[in-house]
Each structure stands twice: as structure tokens, then as C-alpha cells.
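Down below is the structure, laid out as C-alpha cells.
Since we're looking at a predicted model, the values are computed, not measured. Residues take their numbers from the sequence shown, with the count starting at 1.
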Amino acid sequence: NMGICDLPRGESKRKPAFTFAEQETLLAVIAKCGVQKDWDMWAWCFDTGMRHDGELDGFTIDNVDFSRKTITFWRPKTKCWSVEMVLTPRMSEILVRRRKEAQLRNDRKVFPSTSGSRRSNWDKYIGMCNFNKHFTPYTTRHTYITALAEEETSPKVTMDLAGHTCIETTMTYYTKSSSQLLNKAISALQNRKNADKTNDSIDLDAMNGHNSKKALIK
């Protein structure tokens with residue numbers, strides 16, 4: 001290490017993810033405010049898991065294949081193209097609304113925005129929902145990847161959809177399981193125990209007298 005001692009490092013703080021109900025609450029609040037472009041942008045983030053810097057703000061209408069109903073976009077952080085992603089019904093509706101405006105722009109961007117404008121926009125709606133401020137704009141990406149893990153999507157597929165370059169990054173969403181996955185694992189274990197007890201139980205009604213005592217002792 002060339003005589004340089006590294007300082008001890010603690011585990012990085014776990015980033016939160018929205019539940020489905022929290023996503024719907026946030027989008028409902030935005031819809032109530034009547035700002036369609038804001039609703040479209042944040043719904044799109046939840047449905048794609050895009051990184052905001054370089055992916056969301058660089059996404060153009062030319063990245064959409066309307067005939068195939070898919071999108072493919074450049075990922076500046078990993079310097080590669082995304083896999084071809086199929087449009088969900090909600091994504092298709094958003095693109096129909098945003099298409100004309102994007103085509104009229106010189107840069108063809110579908111969600112033109114800056115990091116600062118997104119943050120102030122996000123904080124406004126988070127405050128209106130009375131959500132904890134630890135939910136940052138990047139929560140949309142963590143929510144997307146966590147949801148894939150909770151649906152037991154294979155790590156390799158999750159890695160491709162998230163645009164990670166190494167499987168270790170993706171696996172953090174599996175090893176640091178959400179409460180939903182933890183509860184599911186505990187319930188599965190308890191169900192297995194209950195099934196084993198049923199299979200191994202002794203039929204006491206079939207026993208009688210001296211023989212039943214021997215069976216219980218064994």
C-alpha cells in the first residue's frame with residue numbers, strides 16, 4: 001500500500017425503496033396538483049429505473065422504437081447501450097403525451113430537466129405526502145431494482161435491466177433483502193416446520209396400553 005494506511009470503513013447507509021402504495025400516493029398527489037409533465041417524469045422513473053443524470057435527462061424521442069414498442073438508450077456512466085426494454089402500458093401512454101413536444105425540441109429530449117430542478121420538484125411533492133426526507137429522487141431507481149429482486153427476477157436479468165456492469169452491485173439488492181423478502185422467507189420456513197410436524201406426528205389414537213408408552217418413549 002506504499003506506506004499509506006487506509007482508514008476503517010463502515011457499511012454505507014442502506015438506501016430506501018418505496019412500497020407500491022407509497023409510489024401510488026406520490027403519483028396521486030402529483031396528479032392532484034395537475035402538473036402532467038411532472039407526473040409523466042416520475043412515473044417513467046419508477047417504470048424504468050433510469051439513472052437521472054445522463055439517462056433520464058438525455059433520453060430522446062429517437063430512443064423509442066414505436067413499431068416494436070421498445071426503448072434503447074445510452075448509459076453514460078457505464079458507457080454502453082441499455083438492453084432493449086419493452087414499454088409498459090403506462091410508459092406507452094406517457095410517450096404518446098410527450099412525443100409531439102419532444103419532436104419540436106432541437107435536442108429531441110422527452111424529459112428535459114436539470115439535477116437541481118428535479119430535486120426541488122421532488123422535495124415539494126415529498127413534503128406534500130408527509131414522507132420522510134430520506135426519500136431522495138434516486139429512490140425511484142432503488143425502488144425499481146428492489147421490486148425486481150422481490151419478484152425473484154434472476155440476478156443476471158436484473159443486472160441487465162438496471163444497467164450494472166458487475167453482478168456484485170446487483171446482488172446487494174438480494175443480500176440486503178427488503179422486509180417483504182425477509183417476511184416471505186420466515187413464513188416459508190415456518191410453513192416447512194409445520195408440514196414436517198404434521199408428517200412426523202404420532203397417531204396417538206391408534207396406540208393403546210403398553211405399546212403406546214413404548215412409542216412415546218422412543
Side-chain angles (χ1 to χ4, degrees), residues 15 17-18 20 22-129 131 135-148 151 153 157-165 169-170:
K15 297 178 177 62
F18 273 149
F20 179 74
E22 287 169 335
Q23 291 181 57
E24 293 303 300
T25 296
L26 177 65
L27 293 176
V29 166
I30 299 174
K32 189 175 181 179
C33 291
V35 187
Q36 186 66 59
K37 65 182 182 62
D38 289 350
W39 190 96
D40 288 346
M41 181 176 68
W42 295 120
W44 183 270
C45 289
F46 280 125
D47 286 358
T48 64
M50 280 184 172
R51 297 179 179 92
H52 298 166
D53 296 331
E55 293 180 7
L56 175 70
D57 57 12
F59 184 76
T60 72
I61 199 65
D62 300 316
N63 294 137
V64 184
D65 187 329
F66 285 96
S67 62
R68 291 174 61 85
K69 296 183 179 180
T70 61
I71 59 173
T72 309
F73 53 93
W74 179 248
R75 295 187 185 273
K77 182 175 182 178
T78 54
K79 295 179 172 57
C80 65
W81 286 91
S82 72
V83 296
E84 187 177 38
M85 299 173 64
V86 176
L87 295 174
T88 64
R90 185 162 72 177
M91 289 166 65
S92 294
E93 292 173 4
I94 291 171
L95 288 173
V96 168
R97 284 193 294 270
R98 308 301 304 166
R99 185 175 187 175
K100 185 175 181 179
E101 183 177 333
Q103 289 173 333
L104 292 175
R105 292 179 58 89
N106 291 330
D107 57 18
R108 313 271 290 177
K109 290 183 177 181
V110 179
F111 306 103
S113 60
T114 64
S115 178
S117 66
R118 286 192 300 272
R119 185 56 194 251
S120 66
N121 180 288
W122 174 269
D123 288 345
K124 176 181 68 175
Y125 293 124
I126 288 295
M128 294 175 67
C129 293
F131 286 160
F135 287 123
T136 67
Y138 218 61
T139 298
T140 58
R141 177 165 169 78
H142 292 291
T143 298
Y144 175 77
I145 304 173
T146 298
L148 289 173
E151 291 300 319
T153 307
V157 172
T158 301
M159 173 183 169
D160 289 340
L161 290 173
H164 292 151
T165 55
T169 302
T170 308

I need the [X] [atom1] to [Y] [atom2] distance, nearest 0.5 Å.
X: T169; Y: I145; atom1: OG1; atom2: CD1; value: 9.5 Å
X: F131; Y: I126; atom1: CZ; atom2: CD1; value: 6.0 Å
X: L148; Y: M159; atom1: CG; atom2: CE; value: 14.0 Å

*Of all residues at least two apart in sequence or in a different chain, which pass the side-chain hydrogen bond (donor to acceptor under 3.5 Å, both in side chains) check with T60?*
N63
*Can you name the side-chain hydrogen bond (donor to acceptor under 3.5 Å, both in side chains) partners of E22, sequence neighbours left out?*
T19
_Ion pair check, R90 and E93, cut-off under 4.0 Å_ = no
I need the minimum non-hydrogen distance between [X] and [Y], along with the two atoms involved.
X: R75; Y: S82; answer: NE-CB, 3.7 Å
X: P137; Y: T140; answer: O-OG1, 3.1 Å
X: M50; Y: F59; answer: CE-CD1, 3.4 Å

Partner set under side-chain contact (heavy atoms from CB on, under 4.5 Å) for [X], not counting sequence neighbours:
X: C33; answer: V35, Y125, M128
X: A102; answer: I61, V110
X: T143; answer: A17, F18, Q23, F46, T139
X: R105; answer: D107, K109, P112

*Flag yes if more than 12 heavy atoms outside K124 fall under 6.0 Å of its NZ atom; otherwise flag no.*
yes
*Check whether more than 12 heavy atoms from other residues, nucleotides or ligands sit under 6.0 Å from atom CD of E101, and answer yes or no.*
no
_Does anything in residues 27-45 form a salt bridge (Lys or Arg N to Asp or Glu O under 4.0 Å)? List the pairs, not counting sequence neighbours._
D40-R97
*Return each pair, listed once, that meets salt bridge (Lys or Arg N to Asp or Glu O under 4.0 Å) where at least one residue sits in residues 138-148; pairs must be two or more places apart or across chains.*
none
*ring-ring contact (aromatic ring centres under 6.0 Å, His included): which pairs involve residues 91-121, sequence neighbours left out?*
W44-F111
*side chain to side chain donor-acceptor pair (under 3.5 Å) pairs, two or more places apart, involving residues 110-119*: D53-R118, S113-R118, T114-S117, R119-D123
*What do the steps show when you test W74 against E55 for side chain to side chain contact (heavy atoms under 4.5 Å, CB included), and what is the final call?*
CA-CA 7 Å; W74 179 248; E55 293 180 7; over 6 Å; no
Table please: side-chain donor-acceptor pairs of residues 64-71 below 3.5 Å, with sequence neighbours left out.
| from | atom 1 | to | atom 2 | distance (Å) |
| --- | --- | --- | --- | --- |
| D65 | OD1 | S67 | N | 3.2 |
| D65 | OD1 | S67 | OG | 2.6 |
| D65 | OD1 | R68 | N | 3.0 |
| R68 | NE | E84 | OE2 | 2.7 |
| R68 | NH2 | E84 | OE1 | 2.9 |
| R68 | NH2 | E84 | OE2 | 3.3 |
| T70 | OG1 | E84 | OE2 | 2.9 |

*So which of L161, T48, D47 actually passes side-chain contact (heavy atoms from CB on, under 4.5 Å) with Y144?*
L161
*Just jot down the ring pair (Phe, Tyr, Trp, His ring centres under 6.0 Å) partners of H52, sequence neighbours excluded, or say none.*
W42, Y138
